[in-house]
Amino acid sequence: MTGLALLIPIALGMGLFGLAAFFWALRSGQFDDMDGAAARILIDEEGDGLP
Amino acid sequence: MSAAREALAPQERTVLVVPGMHCAGCMAKVERGLAEVPGVSAARVNLTARQVSVLHDAGVTTPMLVEALGALGFPAQPRAEELAPPPSAVKPLLAPLGVAGFAAMNVMLLSVSIWSGAGGATRDLFHWLSAAIGVPAIVYAGRVFFVSAWGALKHGRTNMDVPIAIGVTLATGLSLYETVTGGAEAWFDGTLMLLLFLLAGRALDAAMRDKARAGVDALLRQAAPGALVVGRDGTVEWLAAPQLVPGMVMRVAAGERLAADGEIVSGRTRLDNSLLTGESAAVSAGAGDVVHAGTLNLASAIDVRVTAAGQGTTLAEIAKLMDASGQARSRYVRIADRASRLYAPAVHTLAALSFAGWMVLGHAGLHHSLVIAIAVLIITCPCALGLAVPVAQVVACGALMKRGIMVKDGSALERLATIDRVLLDKTGTLTLGRPLPDPAVLDALGTEAAGVALALASHSKHPLSRALVEALAGRGVVAAELAGVLEVPGQGMSAIWVDACGQATPVALRRPGEATVMAAALDIAGRPTWLIPFSDRLRPGVSQALQALAGLGVEASILSGDNAGAVGEVARATGLTAEAAADPLAKREAIGRLQGAGRKVLMAGDGLNDGPALAAADASIAPGTASDVGRQAADLVFLGDSLDALPRAIRAARRTMAVVRENFVLAIGYNVLAVPLAMAGKVTPLIAAAAMSLSSLIVIANSLRLVRAAR
């Protein structure tokens with residue numbers, strides 16, 4: 001039982017952390033341009049052009 | 001660096017629409033190219049909306065940015081205010097989906113230990129924990145359904161959300177009661193999972209609509225919404241269409257569309273009215289002639305005095321007619337709603353019957369009877385049913401979109417599946433709607449002459465020159481070397497051609513002196529003049545597409561606003577029957593007659609004159625090159641030249657509906673198995689959770705077969 005008292009808060013805490021991260025992503029506009037996000041990873045950035 | 005610059009000059013943000021961006025390469029080119037423009041501090045592309053947002057100094061103007069993008073090979077337009085992206089449908093659903101997912105997973109974790117035998121104080125603790133996570137999550141994530149169900153009940157109607165809301169509320173209430181009294185079974189896990197699956201279905205449905213709308217909006221924003229206005233003192237200024245007022249004089253260059261109705265003040269030209277009337281032959285017009293918004297100026301620059309703008313134009317008349325035409329569509333009831341009309345009363349009757357049965361016949365007591373009735377409600381909650389339609393439609397729309405066919409919403413697919421009659425507009429739909437050079441003459445030109453023609457044409461923005469460049473470049477012609485290229489507006493191009501031996505010959509690509517057809521003349525000194533005729537051509541693959549339509553049991557005919565002669569020619573070439581010289585009202589009435597005879601009509605058209613017909617038909621499709629009105633009124637928009645899109649879309653829609661019906665059978669079949677168990681009082685939360693997930697997974701797997709629906 002003492003194990004549970006430790007493990008359940010840990011499990012819930014991790015879940016809540018994930019949920020908070022999701023909400024943060026939602027608020028900071030990371031779901032605004034899904035196609036662009038998928039394509040952006042393919043852009044080569046060889047240290048040029050970016051401010 | 002950029003921070004220092006920001007401190008020096010006030011920054012402005014401009015949003016430009018760049019419809020030509022498709023991939024990572026385009027994004028990088030646009031972002032880096034704009035960043036190199038002096039005064040621009042940052043540029044960020046939104047690929048979904050096909051827009052780029054530019055942060056720049058106040059000194060940088062929009063035309064400068066458009067020009068910079070043009071130099072990179074991306075035509076761009078400032079975003080029109082009224083076309084700002086509509087509020088997304090999927091975004092408000094994401095947060096409830098996340099909460100439902102989090103809560104369902106954590107409660108399931110606790111439930112698993114109860115199912116595997118936790119008892120006594122541990123079980124009570126887990127029930128309390130589940131309630132602490134579950135109740136707020138259910139209230140938050142279930143709001144979508146509660147609000148919609150309440151809205152329906154208030155008006156004395158019922159929808160899919162009513163049984164969901166009742167089931168969720170009762171199950172939550174019972175679970176709370178069980179938790180407080182230390183009972184054996186709580187249903188928080190099943191309730192949350194139900195909400196998760198249903199929200200996933202909703203979110204998919206909304207995501208599909210968002211995606212299609214983004215694609216169509218990107219096309220819509222391409223339309224040139226304005227004109228160059230000539231002031232009294234000779235200054236020229238670009239004004240957006242809503243700012244045009246009667247009395248202004250606008251200068252319309254060759255290749256531009258008129259932004260308002262008016263009267264020609266000076267200049268002579270040929271005008272293409274096909275978008276407005278369906279008339280394919282260009283008409284010549286000079287000072288004093290009346291011209292309409294939407295007309296394409298083909299030959300040379302004209303000055304037009306605006307007589308009507310915005311709401312006063314012929315366009316507005318057509319828009320009024322369209323408003324009155326959308327009845328067939330507003331009467332249509334989506335299949336999910338039709339199903340729930342039958343389903344909701346059946347479910348509630350079953351639950352009430354099992355409650356009464358156990359109370360009266362089974363002498364089970366109030367508590368036990370209530371538990372059984374609620375188990376029936378939960379097990380019959382339309383979880384798989386809620387996924388049955390949206391998942392199938394999302395997969396099919398994704399497949400169609402990959403083939404360049406954009407579907408505006410799911411109900412369009414449902415209506416398209418019932419089609420048994422097609423009406424095709426001629427200009428712009430059966431034909432390409434733009435002048436193309438005669439391929440026989442291009443074949444006869446020979447390498448040298450073709451090279452000269454390509455080189456000359458590539459220096460001009462005239463529509464005929466553009467068409468010639470496209471056709472010759474497509475044939476692999478290499479441009480000849482020219483010197484001293486000169487364009488005389490309204491006349492043509494002239495230059496000196498330096499051939500391989502270094503010999504210089506004067507050459508010209510010009511308007512033919514007197515030609516009855518649309519044509520360009522190619523002069524090469526010392527050789528006979530070539531006359532290259534231009535005409536509108538049938539889209540590639542028309543005959544295969546028509547055969548495929550016949551194979552699907554769909555009868556096709558032509559309904560055109562063009563004159564009988566031009567329509568007859570196309571009718572002979574395609575073997576279709578035709579009705580010519582139909583104005584917008586006549587087109588709408590033709591559809592009304594067919595609908596009156598019990599036919600389901602698909603209208604395929606592009607022009608403004610097709611708008612009312614597109615809105616009146618049971619389903620409608622427009623090519624991507626169509627007018628704004630056409631694209632807005634149509635349910636589906638197809639890109640590319642080929643008419644294959646029609647049979648392909650109909651086939652995919654029918655296949656989608658077949659899968660949707662299979663999904664219903666699967667979802668209801670599961671209920672037929674599970675309901676007797678629930679009514680007999682044998683269903684535990686474990687069985688409910690397993691059955692719900694299994695039936696949802698089967699429905700999703702079945703829908704995924706539609707990935708290849710658009711082949």
Side-chain angles (χ1 to χ4, degrees), chain A, chain B residues 1-3 5 21-36 40-53 55 85 88 90-92 94-95 97-107 109-110 113 118 121-122 125-126 129 132-133 137 207 210-211 214-215:
Chain A
M1 277 308 272
T2 44
L4 281 180
L6 189 66
L7 286 174
I8 290 175
I10 290 179
L12 289 181
M14 290 199 310
L16 277 175
F17 176 75
L19 190 65
F22 176 68
F23 267 83
W24 169 77
L26 209 58
R27 292 253 163 85
S28 63
Q30 302 204 20
F31 289 83
D32 285 354
D33 180 18
M34 303 289 262
D35 295 347
R40 215 169 265 282
I41 191 157
L42 299 171
I43 299 179
D44 264 339
E45 286 169 22
E46 284 164 11
D48 60 31
L50 288 168
Chain B
M1 163 75 194
S2 70
R5 205 189 294 162
M21 294 187 296
H22 309 287
C23 62
C26 310
M27 287 169 81
K29 242 188 258 172
V30 167
E31 287 185 352
R32 284 180 198 161
L34 282 175
E36 278 165 22
V40 170
S41 47
R44 176 108 184 153
V45 167
N46 184 325
L47 192 63
T48 318
R50 304 267 195 272
Q51 292 179 348
V52 58
S53 160
L55 193 65
S88 155
V90 72
K91 267 194 143 180
L94 285 179
L97 188 64
V99 168
F102 156 78
M105 280 191 281
N106 282 284
V107 170
L109 199 71
L110 299 165
S113 30
T122 316
L125 171 70
F126 283 3
L129 276 174
I133 303 168
D210 276 4
K211 196 163 185 179

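Per chain, numbering begins at 1; letters A, B, ... match sequence-line order.
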CZ on B/F102 to CZ on A/F17, rounded to 0.5 Å: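 Separation between the atoms: 13.0 Å.
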
Could you measure the distance from the CD1 atom of A/I8 to the CG atom of B/L109? Nearest 0.5 Å is fine.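 So the gap between those two atoms works out to 8.5 Å.
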
Can you say whether A/L12 sits under 4.5 Å from chain B via the side chain, the backbone, both, or neither, judging by heavy atoms?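 For A/L12, the contact with chain B is made by backbone and side chain together.
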
Measure distances from A/I41 to the heavy atoms of chain B and classify the residue's part below 4.5 Å as side chain, backbone, both or neither.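 Neither part.
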
Within-4.5 Å side-chain heavy-atom neighbours: A/F22 and B/V99: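 Counting from C-beta outward, A/F22 and B/V99 never come under 4.5 Å.
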
Just so I know, are the side chains of A/L42 and B/M27 near enough to count as touching, which here means a heavy-atom distance under 4.5 Å?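 No - every pair of side-chain heavy atoms lies 4.5 Å or more apart.
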
Walk me through whether B/K91 and A/L26 qualify under side chain to side chain contact (heavy atoms under 4.5 Å, CB included). CA-CA 9 Å; B/K91 267 194 143 180; A/L26 209 58; 5.6 Å; no

Contacting moiety of B/N106, where chain A heavy atoms sit under 4.5 Å: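 Just the side chain, heavy atoms under 4.5 Å.
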
